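First the structure, in the form of structure tokens, and then the observations on it.
Worth saying up front: this structure is predicted, and the values here are computed from it rather than measured. By convention in this document, chain letters (A, B, ...) are assigned in the order of the sequence lines, proteins followed by strands, and residues within each chain are numbered from 1.
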Amino acid sequence: MSRGAIDLSRLNPAQREAACAGDAPLLVLAGAGTGKTTVITYRIAWLMAEAGVRPDQILAVTFTNKAAKEMRARAGELSGLGPSALDIGTFHGTCGRLLRRHGHLLGLDRHFLIYDADDQVSLMRRCCADLGFDAQTAFVRRLRSKIESWKNQGLGPGEVTPFDDDAFRAAKLYGLYEKRCLEANAVDFGDMLLHTLTLLRRHDAVRHELRGRWSHILVDEYQDTNRVQYEVLRQLAGPEQSLTVVGDDDQSIYRWRGADIGNILRFENDFPGAVVVRLELNYRSTQNILSAANAVIAHNAARKGKTLYTEGDAGEPLTLRLYDSERDEGEAVAYGIEETVAGGVAPSEVVALYRTNAQSRPIEDALRRRRIAYAVYGGIRFYDRREIRDSLAYLRLINNPRSDVDFLRVVNAPARGIGKTSLERLAALAGERGVALFDAARLASAGAGKIGGRQRKQLGAFAQLIDDMREHAADAHPGRLLEEILETSGYRAALRQEGTEEAQDRLDNIDELLQAIDEYVALAPEASLTDFLEEAALATDVDQMADAGESVSLMTLHSAKGLEFHTVFLAGMEEGVFPHRRSVDERAALEEERRLCYVGLTRAKRRVHLSAARRRFTFGEATYSNLSRFLAEIPSELLDLGAGASPRPTPAPARDADWDPAFDDAAFTPAPTLGAGDLPVHREERSGGGFQPGMTVFHATFGEGTLIAVDGSGPRQKLVVEFPEEGRKTIVARFVEPR
DNA sequence: CCGTGCTAAGTTTTT
DNA sequence: CTTAGCACGG
């Protein structure tokens, strides 16, 4: 291959050191905006051009499809090889590929399906019923997350040690569930990693083959790897392989998904002789933004410690505004977005970030009223909509008739008169014969089981329909196949007949899905139905961001990781919202919230606008909150508290469907000026002492008040406090760890 | 067996 | 305030 020199002049000394490091284990501690992707792509290019490594000997692993795509494009361009030669993929994608090839060793057929959380719950519910457990959704979900965390730790069904009732049941369920998954020829997200680990551990031939194949392994976002991912890497990167990991301990935000920040903190112990390179020179943000982010993250104890700086200017201060309601806050964010875009910033360079998906609502409403185009990422994934899931279930069943989950999803969609009773009888028949529900349906139509005549006929017709499709599934275009099945099954006809607006939306979504399939096939003509189904299972909304175009973006802080914007609006800066109320009792959880705050701030290149609402609706009930403690951690000289500046009321829009009569100028309260005394003051009572009526309670938003009543206990305890000027308010109590 | 209407419960964060 | 699950009548 050509050994064209790589131009390293664009790299700073630390970046160059990382890109051109030798084969010893390498940890690149890359702060936000310090050119992490640049380093990893230059390293790939350098390995090929200067160190004589063949492209197919390099494996690069990322967390998101978007990151993989970007890395592939940039590394391909730098090296002059083009994108296709490189082995770059997500953890799940890479493991999926290995399983398609070697999964037969574990009893998996290469057309296995990928189950998501809903599929898992659906299958687990039936397992619970068979085990005589409670099959209520909430309970099943709890067991599911227990099993999920075992998987994340790399523990198989036989390796768990239950310590209480729930865990004991979860362990029983785990065993049966895994058995059923295998029978259905399906894996869930956790299995993709865990099965891969099993493969590498138990099958020496596979391990040897793969170690021979990849001499250099690079991992992006290493701080978010969990135990299984770590173990998989250890298996792939033996003593002979060169391992490079890139990450930022301050951006580890997936603890709840099993991510172990210890992996990055321990790297030098785990891999003796490791070289560590720190990247602290930031190319993205202004000094004010960096100083704010540095100040916030400095409150965390579990970190390696680094301080971002820039050679650029200080920039503007961060703004902070407090509003009476979430509606006013949304209105102000929309107004701020409008002004930003009017000032010449491209809409795609503006984002509104929030902690939870539910918070997008008031912002969306306000943007709609102002006719500002926006795109919401996350929330309900496109592929999670009912009609999309139904459509995919048809395709999945055609691809793999053993999948009971998919059978149950579509056997009565559209209504075929197959109800609960028939399905129970069918399940009994399937259990008796030891076959999948689909096979049982065939048997039933031939007379087996105790299923009524009408139902028997319908089941036969359904089985026939799927079988017919299967015949030409192998060579058919997945899009045409789906169109055919949606027509033949009457699924579309049923929606058309409904004639409601909602049904029309669903039909439109189906058209969009067909279009997405066409696009996919156009890009990858040789791809099979199995390939497309895998793509659909692993796709996320953020992956599709490329076509944001003229829209501003709305997303959670989690989704924003790895992205950058000229202007960032960070809404909902309130205790209980951010940090989330479920994270304030535990130090490790709180530190993760703080990292999330750090991630949010460092997304911005030039401007950050922080906001909070006094009153917010949760479960249809008004709750009042204090300002987020993170605001108190930002040095006040970096904050502009808005000396009298307030957003204009919204001009009345032309009357149309978007017009909400309840909304008028009077409903809009301008942002008040904040004084120093309005910043959060943390004088909460400790849980040990408890609250007593009559006690004086201090609340930054309202001042001093008298406690009238206490409702409930623990972190969700509600306090009813009377404030002299504001009247009676309910506050959700928070208990803070002593420092 | 299907649709309607009621009640209860629920919200972190997502590959 | 929404959605999912369930009880009831047709």
Side-chain angles (χ1 to χ4, degrees), chain A residues 61-68 89-96 114-118 121 125 135-142 145 148 151-152 187-193 221 224-226 228-229 252-259 326 353-362 377-381 383-384 386 412-425 451-452 454-455 458 498 534-543 555-562 572 576-584 589 592-593 595-597 599-600 616-623 716:
Chain A
V61 190
T62 64
F63 273 81
T64 63
N65 299 310
K66 186 172 185 293
T90 64
F91 264 103
H92 289 87
T94 305
C95 289
I114 298 169
Y115 282 176
D116 68 10
D118 282 348
V121 170
R125 177 181 281 125
Q136 285 217 318
T137 315
F139 180 68
V140 178
R141 285 208 185 126
R142 207 158 73 225
S145 71
E148 197 72 1
K151 288 186 179 183
N152 286 333
V187 301
D188 59 34
F189 288 132
D191 287 336
M192 296 183 84
L193 303 166
E221 309 277 18
D224 282 326
T225 50
N226 60 29
V228 214
Q229 287 162 334
S252 174
I253 56 173
Y254 286 104
R255 197 178 85 104
W256 51 275
R257 213 170 68 192
E326 56 190 338
L353 301 176
Y354 35 79
R355 178 63 178 84
T356 63
N357 284 306
Q359 289 169 251
S360 73
R361 190 71 176 269
Y377 299 94
I380 313 153
R381 270 168 75 237
Y383 285 103
D384 285 339
R386 183 159 23 126
N412 205 33
R416 293 188 178 87
I418 317 274
K420 214 173 135 195
T421 320
S422 306
L423 287 176
E424 264 165 30
R425 290 176 183 162
I451 291 154
R454 209 182 125 81
Q455 283 67 250
Q458 288 288 341
E498 257 186 63
E534 171 162 327
E535 169 95 357
L538 298 179
T540 67
D541 278 2
V542 180
D543 296 333
M555 66 182 84
T556 63
L557 288 155
H558 282 88
S559 300
K561 196 173 72 157
V577 175
F578 188 36
H580 195 274
R581 51 179 55 82
R582 289 173 72 147
S583 301
V584 292
E592 176 137 318
E593 296 283 316
R595 290 193 289 271
L596 208 45
C597 183
V599 167
R616 194 174 285 282
F617 284 91
T618 30
F619 303 136
E621 213 185 345
T623 47
R716 279 162 162 253

(message) Just the rounded figure in Å: distance from P of dT13(B) to CZ of Arg255(A).
(response) 16 Å
(request) Indicate whether OP1 or OP2 belonging to dT2(C) is found under 4.0 Å from a side-chain N or O atom of Arg361(A). (result) yes
(request) Give the nucleotide from the list dT15(B), dT14(B), dG5(C) with an atom nearest to the side chain of Arg125(A). (result) dG5(C)
(request) May I ask you to evaluate whether Asn357(A) reaches the phosphate of dT13(B), defined as a side-chain N or O under 4.0 Å from OP1 or OP2? (result) yes
(message) Measure CG/Asp118(A) against P/dA4(C) and give the value in whole Å, please.
(response) 9 Å
(message) Can you identify which nucleotide, out of dT14(B), dT13(B), dC1(B), has its nearest atom closest to the Thr356(A) side chain?
(response) dT13(B)
(request) Among the candidates dT14(B), dT15(B), dG5(C), find the nucleotide nearest to the side-chain atoms of Thr137(A). (result) dG5(C)
(request) Whole angstrom is fine here: how far is it from CD in Gln359(A) over to C1' in dC1(C)? (result) 16 Å
(message) Using the side-chain heavy atoms of Thr64(A), tell me which of these nucleotides is nearest: dC1(B), dT14(B), dT15(B).
(response) dT15(B)
(message) Suppose we call two aromatic rings close when their centres sit under 6.0 Å apart. Are His92(A) and Phe63(A) close by that rule?
(response) no
(message) Heavy-atom nearest nucleotide on DNA chain B for Gly419(A) versus Glu592(A): which residue maps closer to 5'?
(response) Gly419(A)
(request) Indicate whether OP1 or OP2 belonging to dT15(B) is found under 4.0 Å from a side-chain N or O atom of Asn152(A). (result) no
(message) Is Ser559(A) close enough to dT14(B) that one of its side-chain N or O atoms is under 4.0 Å from OP1 or OP2 there?
(response) yes
(message) Quick check for you: among dC2(B), dT15(B), dG5(C), whose closest atom lies nearest to any side-chain atom of Asn412(A)?
(response) dC2(B)
(request) Select from Leu423(A) and Thr62(A) the residue whose nearest nucleotide in DNA chain B is closer to the 5' end of that strand. (result) Leu423(A)
(request) Using whole Å, report how far CZ of Arg257(A) lies from P of dT15(B). (result) 7 Å
(message) Please check if the number of heavy atoms outside Arg255(A) that lie under 6.0 Å from its CZ is greater than 12.
(response) yes
